Each structure stands twice: as C-alpha cells, then as structure tokens.
Amino acid sequence: MLDLKFIRDNAEIVKQGIANKNDKDTIDEVLKLDEQKRSSLQIVEDLKAQRNKVSQEVGRLKKAGKNADAIIAKMKEVSDKIKELDDNIREIEDKLNSLLEWIPNLPHASVPIGKSALDNVEYHQWLPEAFSFETNDKPLDHVELGKKLNILDFERGAKISGSGFPVYVGKGATLERALINYMLDLHINSHGYTEVFPPFLVNRESMRGTGQIPKLEEDMYFCEKDDVFLIPTAEVPITNLHRNEIIDEKNLPIKYAGYSACFRREAGSYGKDSKGFLRVHQFNKVEMVKFVKPENSYSELESLLSDAEDILKALKIPFKVLTLCSGDLSFAAAKCYDIETWSPAENRWLEASSCSNFENFQARRANIRFRNKETKKLEFVHTLNGSGLATSRLMVSILENYQTPEGKIIVPAVLQKYTGFNIIG
RNA sequence: GGAGAGGUGGGUGAGUGGCUGAAACCAACGGUUUGCUAAACCGUCGUACUCUGUAAAGGGGUACCGAGGGUUCGAAUCCCUCCCUCUCCGCCA
C-alpha cells in the first residue's frame with residue numbers, strides 16, 4: 001500500500017511509476033475521492049466538536065437540576081446529520097480503499113525501465129570451475145532421469161491429486177529432504193537467520209498484509225469453509241509474524257529462514273512450461289525473510305541475494321542473476337533480482353529464486369513498525385524476502401547437471417552427508 | 001462438538017453512562033545524585049487522520065479501550081452480531 005499523503009503530494013511520480021510497471025492508473029480517481037472525503041470530514045468533525053461540547057453542557061445542566069430538553073432536541077438533529085455524513089464518508093472511504101489496495105508498489109530508482117521479461121538486465125553470472133555450456137552427449141532431461149531412476153513419479157502424482165503434484169520416491173525423496181535441510185542449515189548456521197516452521201494455511205488478513213490479496217487471490221487455493229488460504233510461499237506467514245506489531249529497534253534487522261510447501265493454482269498458465277517440475281501446483285521452498293530499518297534495505301537486499309547465491313555456489317550449479325525491469329516486477333516489489341539456474345537438457349536458464357525489497361509497502365499493509373530512536377517517531381520497517389531456494393527448479397538443474405554419461409546422478413558433495421549416499425542409479 | 005471466563009496504551013492491570021484518552025505499577029526516555037555501575041529521587045511518556053502553520057517547532061479538531069452495527073443529547077461502560085484467546089469436558093492424532 002502506498003501512503004495516501006505521498007500520492008497526494010507526488011501524483012506525477014506515482015503515475016510514472018505505475019506506468020513503468022504497466023499497471024492500471026487510478027490516481028485521478030483516488031485524488032478526487034480523497035478530496036471529497038477530506039471536505040466532508042471537515043464538516044462532520046465540526047459538527048462532532050459541537051455535539052461534544054453541548055453534551056457536556058447537558059450533563060452540567062442535569063446535575064444542576066435544570067431542564068435541558070431544548071438543546072437535547074437540537075442535538076438530536078445534529079446527531080442525525082452526523083450519522084448521514086458519516087455514512088457518506090464511509091462509502092467514499094470504501095471506494096478509496098478498494099482502489100488503494102490495487103495500486104502497486106513503485107519501482108526503485110535503480111530499476112531498469114522495461115515492458116517485459118525481455119527487458120530484464122543481467123546483473124552477474126557464476127559458473128563452476130571447468131564448466132562448459134557445450135555437452136558432447138545429449139543430456140537426459142529431469143523427467144526422463146526421474147523416470148529411469150525411479151525417483152520422481154509425475155503420473156501417480158496426477159492420479160492421486162492432479163497434474164502438477166509431483167511425487168518423490170526413494171532416493172529422490174531423500175535427496176529432496178537433504179536439499180531442504182542443507183539450505184536451512186546454511187542460512188541458520190552461516191548466514192545468521194532464525195529458523196521458523198510456519199503454518200501452511202493463513203487467514204485473509206495475512207494474505208492482504210503481504211499483498212497477495214486482492215490482486216492474486218485467484219492464484220491461490222482457498223478453503224471456503226474456514227476462510228483460509230494455502231500459502232503460495234512462506235513469505236506470507238513469516239512476514240505476517242509481526243503484523244500489527246511494534247518491533248524494538250534494537251532487534252532490527254530480524255532475519256528468518258523457513259521451509260514450507262508452496263501451493264499455486266497457476267490459473268491461466270496451462271500449456272506453458274508444463275513439463276515435469278517446470279510448473280507445478282505444489283513445491284518445496286526455503287524462504288528468507290528480513291525486517292530491516294529503511295536506510296539499510298538496499299544493502300540488505302544485496303546480502304539477501306548473496307545468501308541465496310551461496311547455496312548454488314556450494315552446489316556448484318551455474319547461475320545468473322537478473323535485475324528485473326519495472327514491467328516485470330511483482331505487484332508489491334520495489335526491486336527484485338531473479339536467480340536463474342542452468343538446465344542443460346532444456347538448454348536454457350530456469351528461474352529458481354526471487355529476492356525482493358518491498359520497502360514499506362507490505363509493512364504499511366500489515367502495520368509493522370518500529371520506533372526510531374532518533375526521531376522518537378513510529379516508522380514502518382522495510383521488508384524483504386528471497387527464495388533460498390525453491391527446490392523444484394533447482395532439482396531440475398541438479399539432476400541434469402550431475403548426470404553421468406550412463407544416466408546416473410552423482411549427489412553434490414555438500415549434500416552427501418545429508419543423503420547418506422553419493423550416487424543414484 | 002458441549003460448558004465457562006476473558007479481550008483496555010510497549011507490558012501488567014483499574015475502570016458499569018457525562019469531570020476517562022483512560023488510574024496505578026512496570027518498561028522506555030530526559031535529568032538530579034554518585035569515583036564508575038547500580039539504587040534512589042524528579043520529570044516526560046499513545047496512535048491515526050484532519051485543519052492551521054513554523055526555518056525547525058507549535059496549536060486546534062476528530063476518531064480509536066478485539067471488529068462491526070445499535071440505543072442515547074452523550075458509550076471503554078448498555079444492547080446485538082462476529083472474531084480471537086484461555087480453562088474444563090468430550091472426541092482424535
């Protein structure tokens with residue numbers, strides 16, 4: 001959520017930001033409603049001031065045993081008028097809020113302007129030693145490998161749940177579990193994050209807090225009976241840990257890392273990247289979430305990115321990092337880096353992580369503040385989060401990059417103590 | 001699922017129709033005292049919106065005691081609906 005006062009004072013900047021994000025511009029309507037609201041507010045508040053004053057007078061008169069019928073009758077009229085104006089203001093406010101909820105966060109000044117993913121800018125790239133994009137044999141893709149080695153079962157997943165619900169079997173299941181544990185341990189032991197194991201179902205307010213609602217509501221699984229949603233990412237429960245809280249400044253930054261299953265309906269994206277793990281309805285992810293002081297959020301974004309990259313370096317998976325252009329930024333993000341890992345069989349890069357700075361956009365929605373010791377004022381924190389990492393796309397890269405000419409999989413060295421075996425097949 | 005208790009400021013907690021934006025205590029902040037720390041003492045200490053306005057400040061108003069309605073000239077206080085937490089019982093992992 002943007003600050004209404006900021007919108008009022010910087011309408012042109014906001015409009016430009018929305019345009020750069022390819023989003024719908026409702027600012028003129030917002031300003032009009034804001035104007036209406038404030039003028040009505042002035043009138044009704046004057047009436048309320050009058051009512052408060054006279055009501056006290058009534059109390060005094062009654063105590064003195066005097067008759068107050070005349071002014072009571074008059075105040076009744078005032079009260080009715082107030083009620084009418086209040087209703088009117090509430091109506092305006094509802095309209096205003098429903099518009100505000102849909103206004104995206106503005107891109108940071110360092111974000112390249114662009115229309116689509118094609119305009120994203122490469123930030124840097126990392127390749128393992130002796131790596132080559134050229135391969136002599138045609139590598140098997142992860143679906144073929146999974147089937148051949150009997151470690152992934154997409155067909156049975158479709159039978160028991162539907163397409164996009166993969167089943168990990170045998171050493172595949174162990175490898176998945178090892179990967180999750182390895183990533184969590186690294187973040188907790190080496191990067192200073194506190195481990196969180198969050199709920200996978202959250203209420204509507206939480207979804208609103210991080211910005212999934214209203215814009216992405218259709219993309220989430222919803223349990224109507226209890227009005228709860230399956231989380232699309234652990235970002236939601238973990239960021240909402242501090243919803244409606246005032247965080248002690250000396251506890252900042254707060255850094256959490258947590259595993260969750262992630263559920264996405266992927267409505268409207270059928271047929272695109274549908275193979276195997278490339279687009280699934282349920283996947284596993286370790287997520288990092290930070291609550292930081294505003295002045296530090298961009299340096300925290302860099303370190304968040306580097307924390308995610310450390311996983312890939314340790315696993316020796318080739319990756320590159322993109323700075324998303326304004327048009328490709330998600331609704332709530334001010335800046336975002338995507339990490340893409342190399343898939344030799346697909347012969348392309350696959351998105352495995354997003355690391356974003358939301359500035360105070362989520363904090364304002366979720367009302368997460370701290371008291372600034374210098375100004376003594378309450379301020380919104382900045383929130384950030386990044387996948388560290390999603391296992392599905394990562395698993396594609398691991399299986400394909402670590403396959404031997406015989407079609408076996410060598411377990412990456414850092415995972416071997418977690419799996420207890422060093423080869424699959 | 002059944003029965004009961006309760007949700008008040010950063011925290012504990014008082015407050016059953018007007019003098020309560022809210023006692024008291026704790027925490028926090030500023031100061032005095034002290035060789036340093038501690039203790040003691042004094043003082044300050046809600047948020048949001050809005051109007052006015054200053055170099056910075058400040059001042060006025062409104063709202064807010066879980067949420068939303070209602071009664072009333074006037075509601076933290078009375079009524080209704082909903083949400084949440086806790087305790088006990090039942091069922092179950």
Side-chain angles (χ1 to χ4, degrees), chain A residues 1-9 30-101 197 199-209 213 222-229 237 240-252 254 291 293 360-361 363-381:
Chain A
M1 192 98 80
L2 297 182
D3 182 9
L4 184 54
K5 262 185 283 189
F6 181 83
I7 296 175
R8 196 186 296 151
D9 298 337
V30 165
L31 291 176
K32 204 176 107 196
L33 288 168
D34 176 48
E35 190 59 45
Q36 282 175 18
K37 181 188 142 187
R38 281 186 300 143
S39 66
S40 296
L41 211 52
Q42 244 176 297
I43 297 168
V44 81
E45 285 187 356
D46 283 347
L47 288 176
K48 283 179 181 174
Q50 190 190 343
R51 180 181 68 182
N52 288 343
K53 221 170 167 180
V54 174
S55 289
Q56 283 194 345
E57 182 62 25
V58 170
R60 242 174 277 136
L61 286 173
K62 287 205 165 176
K63 201 169 252 179
K66 291 181 185 164
N67 185 297
D69 289 354
I71 44 177
I72 285 177
K74 198 174 158 214
M75 278 307 106
K76 194 166 172 56
E77 272 174 46
V78 172
S79 273
D80 288 346
K81 182 74 185 160
I82 288 172
K83 203 164 285 179
E84 195 186 315
L85 284 167
D86 269 344
D87 286 347
N88 183 247
I89 290 170
R90 196 173 310 122
E91 217 171 283
I92 296 172
E93 252 172 1
D94 286 349
K95 271 190 219 161
L96 190 55
N97 284 336
S98 60
L99 287 178
L100 284 173
E101 270 192 340
F197 207 132
F200 294 176
L201 292 171
V202 301
N203 58 32
R204 194 170 282 278
E205 254 331 286
S206 295
M207 284 298 186
R208 198 185 306 280
I213 284 180
F222 176 49
C223 307
E224 194 171 2
K225 265 189 185 165
D226 299 291
D227 202 31
V228 289
F229 296 82
N240 277 281
L241 280 175
H242 294 294
R243 173 152 52 83
N244 288 329
E245 287 186 17
I246 295 169
I247 298 172
D248 199 324
E249 184 178 14
K250 60 176 179 279
N251 293 332
L252 295 174
I254 295 175
F291 302 81
K293 293 208 256 177
N360 66 22
F361 189 84
R364 186 182 304 279
R365 285 176 162 247
N367 193 28
I368 307 169
R369 296 176 294 175
F370 73 102
R371 189 172 298 280
N372 185 319
K373 205 165 182 177
E374 277 167 37
T375 64
K376 298 189 173 171
K377 293 254 161 70
L378 288 174
E379 286 180 37
F380 292 109
V381 298

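Numbers restart at 1 for each chain; the letters A, B, ... are given by sequence-line order, proteins then strands. Heavy atoms only: backbone and side chains are in, while hydrogens, waters and symmetry mates are out. As the structure is a computational prediction, the values presented were derived from the model and not from experiment.
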Practice task
Report which part of the nucleic acid Lys74(A) touches: base, sugar-phosphate, or nothing (heavy-atom distance under 4.0 Å, all strands).
Solution key: nothing
Problem - Identified pairing partner of G17(B), criterion: Watson-Crick or G-U wobble below 3.5 Å - result: none
Problem - No-hydrogen, no-angle side-chain donor-acceptor test under 3.5 Å, Ser206(A) and Asn203(A) - result: yes
Practice task
Taking atom P in both U50(B) and A75(B), compute the distance separating them and give it to the nearest angstrom.
Solution key: 24 Å
Handout entry: Protein-nucleotide distance (Glu77(A), atom CD; U72(B), atom C1'), rounded to Å
Key = 16 Å
Fill in the blank from the handout: Using Watson-Crick geometry (N1-N3 plus N6-O4 or O6-N4) or G-U wobble (N1-O2, O6-N3), each under 3.5 Å, G43(B) is paired with C29(B)
Handout entry: Between P of C49(B) and CG of Asn367(A), the distance in whole Å
Key = 11 Å
Fill in the blank from the handout: Re A38(B): Watson-Crick or G-U wobble partner, both distances kept under 3.5 Å, found to be none
Practice task
Please state the C1' separation for the pair A63(B) and G2(B) - nearest whole angstrom.
Solution key: 40 Å
Practice task
Could you tell me whether Asp248(A) and Lys250(A) make a salt bridge, using a distance below 4.0 angstrom between a side-chain N and a carboxylate O?
Solution key: yes
Fill in the blank from the handout: RNA chain B nearest-nucleotide lookup for Arg371(A) and Arg38(A): closer to the 5′ end is Arg371(A)
Handout entry: From Arg38(A), Lys37(A), Lys32(A), residue fulfilling side chain to side chain contact (heavy atoms under 4.5 Å, CB included) relative to Glu35(A)
Key = Arg38(A)
Exercise for the section: Pick base, sugar-phosphate or nothing for Lys37(A), based on heavy-atom distances below 4.0 Å to the nucleic acid. Expected result: nothing
Problem - Nucleotide paired to A56(B) in any strand shown, Watson-Crick or G-U, under 3.5 Å - result: none
Problem - Paired nucleotide for U71(B) [Watson-Crick or G-U wobble; both distances under 3.5 Å] - result: none
Problem - Considering all heavy atoms, the nearest Asn240(A)-Gly209(A) contact - result: OD1-CA, 4.2 Å
Exercise for the section: In plain terms, say whether Asp80(A) and Lys83(A) are close enough for a salt bridge, that is, a side-chain N and a carboxylate O under 4.0 Å apart. Expected result: no
Exercise for the section: Can you tell me, in whole Å, how much space there is between the C1' of C49(B) and that of C91(B)? Expected result: 50 Å
Practice task
Write down the distance separating the P atoms in G59(B) and C41(B), rounded off to the nearest Å.
Solution key: 30 Å
Handout entry: C1' spacing across the pair A14(B) / U87(B), given as an integer number of angstrom
Key = 23 Å
Practice task
Please report, rounded to the nearest Å, how far the P atom of A48(B) is from the CG atom of Leu41(A).
Solution key: 16 Å
Problem - Euclidean distance for P, G17(B) against A57(B) (whole angstrom) - result: 43 Å
Practice task
Rounded to the nearest angstrom, tell me the gap between atom CD1 in Ile82(A) and atom C1' in G70(B).
Solution key: 16 Å
Problem - N/O donor-acceptor pair under 3.5 Å between Arg365(A) side chain and Arg208(A) backbone - result: yes
Problem - P spacing across the pair U47(B) / G11(B), given as an integer number of angstrom - result: 13 Å
Practice task
May I ask you to evaluate whether Ser79(A) reaches the phosphate of G74(B), defined as a side-chain N or O under 4.0 Å from OP1 or OP2?
Solution key: yes
Practice task
Take the protein atom CG of Asn372(A) and the nucleotide atom P of A28(B), then report the distance between them rounded to whole Å.
Solution key: 18 Å
Exercise for the section: Could you say whether Ile72(A) or Leu378(A) is positioned toward the 5' end of RNA chain B, judged by the nucleotide with the nearest heavy atom to each? Expected result: Leu378(A)
Practice task
Identify whether the distance between the nearest side-chain nitrogen and carboxylate oxygen of Arg90(A) and Asp94(A) falls below 4.0 Å.
Solution key: no
Exercise for the section: Find the distance Arg369(A):CZ to G10(B):P and express it as a whole number of Å. Expected result: 8 Å
Practice task
Write down the atom of Glu379(A), the atom of Asn372(A), and the distance for their closest heavy-atom approach.
Solution key: OE2-ND2, 2.7 Å
Exercise for the section: Select base, sugar-phosphate, or nothing to describe what Arg8(A) touches, counting heavy atoms under 4.0 Å on all strands. Expected result: sugar-phosphate
Handout entry: Glu249(A) CD to C29(B) C1', straight-line distance once rounded to whole Å
Key = 13 Å
Handout entry: Base paired to A48(B) (Watson-Crick or G-U; both N/O distances under 3.5 angstrom)
Key = U62(B)
Problem - Counter-base of G6(B), judged by Watson-Crick or G-U geometry with both distances under 3.5 Å - result: C84(B)
Problem - C91(B) - base-pair partner by Watson-Crick or wobble geometry, distances under 3.5 Å - result: none
Practice task
Using the P atom as the reference point in each nucleotide, state the distance between A76(B) and G66(B) in Å, no decimals.
Solution key: 11 Å
Handout entry: Nearest-0.5 Å distance, CD1 of residue Ile246(A) to CZ of residue Phe370(A)
Key = 11.5 Å
Practice task
Give the rounded distance in Å between these two atoms: CG of Leu47(A) and C1' of C51(B).
Solution key: 15 Å
Completion exercise
Heavy-atom nearest pair, Ile368(A) first then Arg243(A), reads CG1-CA, 3.9 Å
Exercise for the section: Assign Val54(A) to base, sugar-phosphate, or nothing according to its heavy-atom contacts below 4.0 angstrom with the strands shown. Expected result: nothing
Completion exercise
Per-nucleotide protein contact along nucleotides 52-65 of chain B, 5' to 3', at a 4.0 Å heavy-atom cut-off (B base, S sugar-phosphate only, - neither), is ---------BSS--
